[in-house]
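Comments concern the structure below.
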Amino acid sequence: MSTPTDQTASPFGSVDEVVDALAEHGYIADRRLATTVFLLTRLEKPLLLEGPAGVGKTELAKMLAVATGRRFLRLQCYEGQDETKALYEWDYGKQLLYTQMLREKIAEIVQDAPDIPSSVEKIKNQDSVFFSEDFLAERPLLEAIRSDEPVVLLIDEVDRADEALEAVLLETLGEFQVSVPEIGTFVAKNAPYVILTSNNTRDLAAALKRRCLHLFLDYPTAERELEIVRSKNTGLPEAAARELVEVVRGLRELELRKAPSISETIDWARTLAVLGIDELNSQILSDTVSVVVKYDKDVTKALGALPKLVDPNAEIPDAHGHGHGHGHGHGHEDDGHSTGPAPATSRPVADDEDDGPDGRAVRAAKDEEGRHAGVYGAPGREYQEKARSGEAEPPKKRPVSSGQGTRSFGAGLGKRRAL
């Protein structure tokens, strides 16, 4: 493994220089992060940054390359990735082309051979040419090791790769070298600054963590996040930017599927600045909340919380969003939950105001005998009154013959349907 470089070779003389150098290029780092970066440059050990997405892990590697003047290389990890996409692979196209050329020259190669074994031996001597550096296609890890100039190597979202790739990384991270069986071992001329990032989608191997400096990068404090927004020159006024940062921090406290990141805070600030907003209100934030909230259920939660985040004394409308006086029965007005029957009217009624006839009394008055008189063949109302007083006999039931019953209801019921 390469020995740590002396102080004169380090790009930073102190932790404060790290803070200043990164801030000069728009990356606001707290002292804990700056200390870890300083140790990275002095100890020449990889740095593993873990934490939620969007807190500045990838951006740190980019800004470190800019601040130190090193070339930036990136290995983006993904599920199913193998070592050929991370280390190297052979340029099969060039090898095939060389095979065609060798076939044309085969007669010249074996023309001096006295026998077949000698001819085979001469051809075999040409095999090594197929696996030389001329046919080696470098990938980010090998490119970082073989580079003649110092580089910053970012291995991004290493937790998305399979565990097999972690084993491949061990030699590179621990010894700053890559072994190619067909050629040999390449050792770094200039030890790269290596930064690995992880969003904690799975636990990383202990062997990988043991070879790295480690730092958990969480969401910043309100003051530092405001400083980050300022450094990006979003165009949003200071008061509005400060209030926006507090709103975003309030959204992060909700149980969202994906909390707003720092980069999304910056995007929101730029969005509001483009719209010419000088003062925040719940309406404009609701109209643009999709800039920071990307899932439907999260949007619903955010819309319900935004009025209170903007103004803690704001009155929140009912959860159903009616608010039109249709009398949907939201009982307790203090908490907005519906626990009782719907009121008859949405407007307030004074104690001495005439409420009109009672609906229940009207319905009871209609529920009386004989209300269907003269309808659907029922006896008339006069006949019903005489029948109740005894002046007329009740109507006799009309006899129904068996034939009529059979024709009405029994036709075909006693017979099996023909198949």
Side-chain angles (χ1 to χ4, degrees), residues 22 26-37 40 46-64 74-79 81 152 154-163 165-166 194-206 208-209 212-232 234 241-242 244-271 285 288-303 305-306 309:
L22 293 177
Y27 191 93
I28 309 301
D30 58 18
R31 192 164 185 82
R32 186 170 65 100
L33 177 57
T35 301
T36 308
V37 173
L40 159 68
L47 170 60
L48 172 60
L49 292 175
E50 293 189 284
V55 294
K57 302 186 294 297
T58 301
E59 191 68 15
L60 175 63
K62 295 179 180 179
M63 292 302 102
L64 179 60
R74 178 174 182 170
L75 172 63
Q76 181 64 52
C77 298
Y78 54 88
E79 186 177 355
Q81 187 178 32
V152 172
L154 169 64
I155 304 177
D156 207 13
E157 296 184 328
V158 66
D159 54 320
R160 295 188 180 275
D162 299 333
E163 295 181 1
L165 185 61
E166 291 186 36
V194 183
I195 294 181
L196 302 91
T197 70
S198 170
N199 295 335
N200 290 328
T201 58
R202 69 173 178 86
D203 292 333
L204 301 177
L208 180 65
K209 288 190 173 184
C212 304
L213 300 171
H214 182 269
L215 180 66
F216 186 87
L217 199 59
D218 205 348
Y219 295 110
T221 62
E223 286 301 323
R224 192 163 79 89
E225 187 164 8
L226 178 60
E227 190 176 357
I228 293 172
V229 174
R230 287 198 203 105
S231 69
K232 299 302 180 180
T234 61
R242 183 178 295 275
L244 181 66
V245 167
E246 293 298 333
V247 169
V248 172
R249 291 175 64 83
L251 292 177
R252 289 181 186 141
E253 294 178 0
L254 303 176
E255 294 182 359
L256 302 180
R257 180 176 175 182
K258 179 192 172 300
S261 64
I262 301 175
S263 59
E264 288 167 334
T265 304
I266 297 171
D267 290 341
W268 206 1
R270 287 173 174 161
T271 299
L285 292 181
T288 58
V289 73
S290 58
V291 174
V292 296
V293 182
K294 306 299 173 66
Y295 294 95
D296 184 56
K297 291 184 178 179
D298 288 355
V299 170
T300 302
K301 293 180 181 179
L303 292 178
L306 279 175
L309 293 177

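- The two atoms that bring Leu256 and Asp298 nearest to each other are CA-OD1, 3.5 Å, heavy atoms only.
- Here the straight-line distance linking atom CG of Leu33 with atom CG of Leu60 works out to 5.5 Å at 0.5 Å rounding.
- Checking side-chain atoms of Arg202 against main-chain N and O of Ala161 turns up a donor-acceptor pair under 3.5 Å.
- Looking at Arg160 and Tyr78, their side chains never come closer than 4.5 Å, going by heavy atoms from C-beta outward.
- A donor-acceptor pair is defined here as one N or O able to donate and one able to accept, closer than 3.5 Å; such a pair exists between the side chain of Thr197 and the backbone of Glu157.
- A donor-acceptor distance shorter than 3.5 angstrom exists from the side chain of Asp159 to the backbone of Asn199, with no hydrogens or angles considered.
- In terms of heavy atoms, Ala53 sits closest to Tyr219 at O-OH, 4.1 Å.
- Between Ala302 and Val289, the shortest heavy-atom distance links the atoms CB-CG2, 4.0 Å.
- Note that the CD1 atom of Ile155 and the OG atom of Ser198 stand 12.0 Å from one another [nearest 0.5 Å].
- Residues Glu253 and Leu309 fail the side-chain proximity criterion, which asks for heavy atoms closer than 4.5 Å.
- Under a 3.5 Å cut-off, the side chain of Arg74 and the backbone N or O of Leu154 do not form any donor-acceptor pair.
- Judged by distance alone, the side chain of Arg257 and the main-chain N or O of Lys297 form no donor-acceptor pair under 3.5 Å.
- Shown here is Asp203, whose CG atom has no more than 12 heavy atoms of other residues, nucleotides or ligands within 6.0 Å.
- Remark: side-chain polar atoms of Glu225 are not paired, donor with acceptor, to backbone N or O of Val245 under 3.5 angstrom.
- Here Glu264 contributes atom CD and Ser290 contributes atom OG; the two are 10.5 Å apart, rounded to the nearest 0.5 Å.
- Looking only at distances, no side-chain donor or acceptor of Lys258 sits under 3.5 Å from a matching main-chain atom of Tyr295.
- Summarising the geometry of Ala222 relative to Arg249, their closest heavy-atom pair is N-NH1, 3.3 Å, with the distance given to 0.1 Å.
- Between the side chain of Thr234 and the main chain of Arg230, no donor-acceptor pair closer than 3.5 Å is present.
- A side-chain contact (heavy atoms from CB on, under 4.5 Å) with Lys57 is found for exactly one of Leu217, Leu47, Leu196, Asp156, namely Leu217.
- Within the model, atoms CG of Leu49 and OG1 of Thr58 stand 9.0 Å from one another, a figure rounded to the nearest 0.5 Å.
- Atom CG of Leu208 sits about 6.5 Å away from atom CG of Leu48, to the nearest 0.5 Å.
- Here the closest non-hydrogen pair linking Thr265 and Val248 is OG1-CG1, 3.4 Å.
- Of the possible donor and acceptor atoms, one in the side chain of Tyr27 sits under 3.5 Å from a partner among the backbone N and O of Gly56.
- Taken from NZ in Lys232 to CD1 in Ile28, the straight-line distance is 7.5 Å, to the nearest 0.5 Å.
- The side-chain contact (heavy atoms from CB on, under 4.5 Å) test with Leu244 singles out one residue from Val229, Val292, Leu226, Leu285, and that residue is Leu285.
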